[in-house]
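The structure appears below as structure tokens.
Here is how names work: the chains are called A, B, and so on, in the same order as the sequence lines, proteins then strands, and each is numbered from 1.
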2 protein chains.
Amino acid sequence: MDSPPQQTGIELGLHAAIVTVQQNQPFVICVNPDGSGGSEDSLPFGKFTPLAHRTLEIGLRNWVKEQTGLDLGYVEQLYTFGDRGRHAQKGDRGPHMVSIGYLALTRVRDLRRKGVMRRCWYDYFPWEDWRAGRPQMIGEIIEPLLHKWSRLPDEDAGRRRPLGRKERIRICFGHDGVGWDEEKVLDRYELLYEAGLLHEAGRDGRHAASLWSGLPALGRPMMYDHRRILATAISRMRGKLKYRPLVFELLPGQFTLYELQKVVEAISGTPLHKQNFRRLVEAGGLVEATGKLQKSTGGRPAKLFRFRRTALVERPSPGLRVKGPGR
Amino acid sequence: MDSPPQQTGIELGLHAAIVTVQQNQPFVICVNPDGSGGSEDSLPFGKFTPLAHRTLEIGLRNWVKEQTGLDLGYVEQLYTFGDRGRHAQKGDRGPHMVSIGYLALTRVRDLRRKGVMRRCWYDYFPWEDWRAGRPQMIGEIIEPLLHKWSRLPDEDAGRRRPLGRKERIRICFGHDGVGWDEEKVLDRYELLYEAGLLHEAGRDGRHAASLWSGLPALGRPMMYDHRRILATAISRMRGKLKYRPLVFELLPGQFTLYELQKVVEAISGTPLHKQNFRRLVEAGGLVEATGKLQKSTGGRPAKLFRFRRTALVERPSPGLRVKGPGR
DNA sequence: ATACTTATACTCGTTTTGAGTATAAGTATG
DNA sequence: CATACTTATACTCAAAACGAGTATAAGTAT
């Protein structure tokens with residue numbers, strides 16, 4: 001017998017984008033559901049069960065602990081995703097799935113759990129890494145395809161879209177006098193999604209995949225809408241970096257200013273002027289010298305610093321007001 | 001017979017903090033469930049039913065339309081609230097309620113619907129309006145009570161609370177060299193809540209209301225956790241104002257720079273230097289003169305301006321980088 | 001000893017900001 | 001219609017912040 005015709009209810013999923021930085025690379029922690037097979041990467045996630053978990057965040061922490069063995073430190077809610085068809089991949093007619101995405105920061109050193117791994121987030125968003133200059137793929141692959149798309153008929157024009165496709169491309173990818181805004185990670189993801197250039201868009205049936213036949217994959221795809229959640233996480237981190245001392249969650253207790261800079265660059269995806277970064281940080285009062293030195297720099301030993309927790313009390317928005325390369 | 005022992009499921013509520021500005025006052029739109037009786041104000045809200053609504057936002061728009069008659073323009077998701085006991089007021093053992101809060105902006109002129117009204121948001125948060133200087137109630141009522149609270153034993157100390165109560169009070173209310181940060185609306189709400197100084201805290205059972213017997217109500221309470229949602233909305237608006245052209249959603253098509261300033265002041269709750277505000281706005285390129293004049297100023301006629309939609313294309317973060325009075 | 005590395009300090013011209021003063025162009029009042 | 005009063009707008013000026021360097025310090029590798 002079939003299961004009874006269950007009233008279509010709602011299930012809440014909790015999803016974590018767990019970020020860590022190592023060797024100057026920003027990583028996100030992934031799980032690969034079928035062991036290590038060919039399936040797509042997925043963020044750790046699980047269902048919220050109000051009977052078991054007093055709060056959403058506790059539920060998230062439990063799922064992450066169970067799936068990855070990690071105890072999370074800093075956790076922040078990002079966004080709730082609830083569009084119908086989000087789980088179209090499954091094709092099931094079960095209860096409607098609504099997902100809450102979280103950003104978590106950690107300093108994890110090794111992941112021993114099988115099926116759990118970290119991956120550089122620029123594997124998923126190669127166009128977001130400007131540390132070595134503008135990525136070639138933007139000019140060579142993305143922009144030509146987007147401009148082709150911008151000339152196709154646009155059924156959405158006008159309706160809730162104050163800007164045309166061409167303008168959106170300019171804003172997102174920075175051209176013709178518009179600068180690159182490293183915070184627009186989600187906008188860029190959504191533009192590429194809408195243009196049908198991402199693998200996920202095919203699942204959604206939004207655009208005939210045939211339109212872009214032979215398209216090289218733009219970044220590594222993820223399960224469901226997990227890449228969108230990750231894009232949201234990166235956007236949030238890049239923005240919040242500037243007015244909240246988030247970075248220190250990713251650094252050890254003591255660090256050199258250059259290490260700090262490299263972490264900020266890894267997250268923001270832009271190179272920074274070393275001398276001015278140092279001036280900014282020291283003037284900001286977020287940090288204090290420990291009196292010790294780091295010898296293994298290869299050159300002059302660097303002073304070690306620590307985060308001044310009390311800085312939170314002194315400054316209205318204690319972040320690293322870094323600015324990218326501008327236009 | 002009782003209803004069958006229903007498996008405790010999840011219900012998703014959609015809540016809207018609808019903001020509008022009139023006569024230099026920021027308003028939020030409320031509904032009073034029992035007609036216009038003595039019951040507490042509530043934000044428009046309703047259940048998300050995936051069968052009826054394709055997306056969460058569509059669901060929200062429908063509920064708002066049904067309850068208030070308003071067609072919303074700008075809508076933005078704020079936060080998802082899911083703690084157990086949020087609806088403790090009801091005391092029911094039904095399905096667990098999770099709520100998604102939204103911020104909406106509108107230029108509504110008149111609300112004709114019965115039971116629907118607008119109310120100045122500083123009725124709920126009188127300590128947030130610094131336009132005429134530091135509100136007296138902070139020094140005379142809030143701070144004395146908070147300091148009394150800070151001397152009580154703190155069971156949370158250390159655990160997930162890097163800062164002590166005294167430091168949190170200083171950060172939130174700006175004292176001893178710490179400036180007032182108008183964006184910390186939610187932090188202040190939560191501090192007052194934790195201290196048991198808000199009416200809502202009594203419902204939660206967190207603090208014996210008797211501790212503060214004879215306490216004058218700190219701001220007007222709202223149903224459930226609606227005041228927390230409103231605090232989140234105000235925080236978000238005050239922050240986003242600075243890097244997104246939100247204000248223009250609240251202004252008519254044409255406006256003088258002084259009107260623009262008054263709207264910004266109403267939202268941020270701080271006074272601004274008129275000449276510098278004008279310089280900032282004109283330099284920002286967000287606005288262009290229409291060539292017409294507003295005569296009814298009482299003095300020299302003011303030029304009328306309009307929002308330049310294309311400014312979005314030119315600037316990386318096109319907001320009004322206003323700064324409050326600082327410390 | 002010499003070249004090379006990285007860290008740190010200082011300089012300098014430009015831009016932005018805070019806080020004004022000065023002037024323009026109306027209305028209200030005697 | 002002269003005068004005071006109102007509000008709008010323009011301009012000034014010193015302080016601070018910023019972008020892009022040069023200079024110097026203190027190590028390692030050969």
Side-chain angles (χ1 to χ4, degrees), chain A residues 23-24 130 133 179-180 182 242-243 254-265 268 270-305 315-327, chain B residues 24 133 179-180 182 242-243 254-265 268 270-305 315-327:
Chain A
Q23 281 106 29
N24 303 340
W130 285 50
W180 174 257
E182 79 278 356
K242 290 162 189 157
Y243 59 94
Q254 293 189 35
F255 45 84
T256 69
L257 293 185
Y258 195 57
E259 286 167 351
L260 174 60
Q261 179 181 342
K262 283 302 164 187
V263 172
V264 171
E265 288 178 340
S268 71
T270 59
L272 296 170
H273 184 283
K274 187 168 167 177
Q275 298 93 319
N276 289 349
F277 178 79
R278 144 181 297 277
R279 176 175 65 187
L280 194 76
V281 171
E282 295 199 282
L286 282 175
V287 119
E288 67 191 351
T290 63
K292 289 176 190 162
L293 293 176
Q294 164 91 265
K295 294 234 169 186
S296 53
T297 58
R300 173 174 173 176
K303 286 187 206 165
L304 283 166
F305 290 79
R315 318 197 69 233
S317 60
L320 300 166
R321 321 200 142 280
V322 289
K323 290 212 177 137
R327 50 190 64 184
Chain B
N24 302 341
W180 175 257
E182 79 277 356
K242 291 163 188 157
Y243 59 95
Q254 293 189 36
F255 46 84
T256 69
L257 293 185
Y258 196 57
E259 285 166 352
L260 175 60
Q261 179 182 345
K262 285 300 165 190
V263 172
V264 171
E265 288 178 340
S268 71
T270 59
L272 296 171
H273 185 283
K274 187 168 167 176
Q275 297 93 319
N276 289 348
F277 179 80
R278 141 182 298 276
R279 175 176 67 187
L280 193 76
V281 171
E282 295 200 283
L286 283 174
V287 119
E288 69 192 349
T290 63
K292 290 176 190 161
L293 294 176
Q294 164 91 264
K295 293 235 170 189
S296 52
T297 57
R300 173 175 173 176
K303 287 187 205 165
L304 282 166
F305 290 80
R315 319 199 71 234
S317 60
L320 300 167
R321 320 199 142 281
V322 289
K323 290 214 175 132
R327 52 189 64 183

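With distances taken from any side-chain atom of Arg278(A) to the nucleotides dT21(C), dT9(D), dA9(C), the minimum falls on dA9(C). The side chain of Lys274(B) lies closest to dA8(D), out of dG18(C), dG21(D), dA8(D). With dT7(D), dT8(C), dA19(C) as the candidates, the nucleotide lying closest to the side chain of Asn276(B) is dA19(C). In this structure, the nucleotide among dT21(C), dT9(D), dT8(C) sitting nearest to the side chain of Ala302(B) is dT9(D).
Of the inter-residue distances, the one linking Leu257(A) atom CG with Lys274(A) atom NZ reads 9.5 Å to the nearest 0.5 angstrom. Atoms NE2 and CZ, on His273(B) and Arg278(B) in that order, are 12.0 Å from each other to the nearest 0.5 Å. Of the inter-residue distances, the one linking Phe305(A) atom CZ with Leu286(A) atom CG reads 12.0 Å to the nearest 0.5 angstrom.
Side chain Gln275(B) to base dT12(D): no donor-acceptor pair is found below 3.5 Å.
Taking both residues in full, the closest heavy atoms of Trp130(A) and Pro271(A) are given as O-CD, 3.4 Å, listed atom of the first, atom of the second, then distance. Between Gln254(A) and Leu304(A), the closest heavy-atom pair is OE1-CD1, 3.4 Å.
Separating the CG atom of Leu280(B) from the P atom of dA19(C) is a distance of 14 Å, rounded to the nearest angstrom. Atom OH of Tyr258(B) and atom P of dT9(D) are 12 Å apart (whole Å). Nucleotide dT21(C) holds its C1' atom 10 Å from the NE2 atom of His273(B), rounded to whole Å. Rounded to an integer number of Å, the gap from CZ of Arg279(B) to P of dT16(C) is 10 Å. If you take CZ of Phe277(B) and P of dT9(D), they are 12 Å apart, rounded to a whole angstrom. The interatomic distance linking Lys262(B) (NZ) with dA8(D) (P) rounds to 10 Å, in whole Å.
Remark: side-chain polar atoms of Gln261(B) are paired, donor with acceptor, to backbone N or O of Leu272(B) under 3.5 angstrom. Proximity of a side-chain donor or acceptor of Glu282(B) to a complementary backbone N or O of Arg279(B) within less than 3.5 Å is not detected.
The residues Glu182(A) and Lys242(A) are annotated as salt-bridged, a charged nitrogen and a carboxylate oxygen being separated by less than 4.0 angstrom. Between Lys262(A) and Glu265(A), at least one side-chain N (NZ, or NE/NH1/NH2) sits under 4.0 Å from a carboxylate O, which counts as a salt bridge.
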Taking protein heavy atoms under 4.0 Å as touching, what does nucleotides 24-30 of chain D look like 5' to 3' if B marks base contact, S marks sugar-phosphate-only contact and - marks none? -BBSS--

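Consecutive Watson-Crick or G-U pairs involving DNA chain D, each under 3.5 Å on both distances, make up stems of three or more pairs at C:1-30 with D:1-30.
Contact check, Lys303(A) against dA7(C): no side-chain N or O comes under 4.0 Å of OP1 or OP2.
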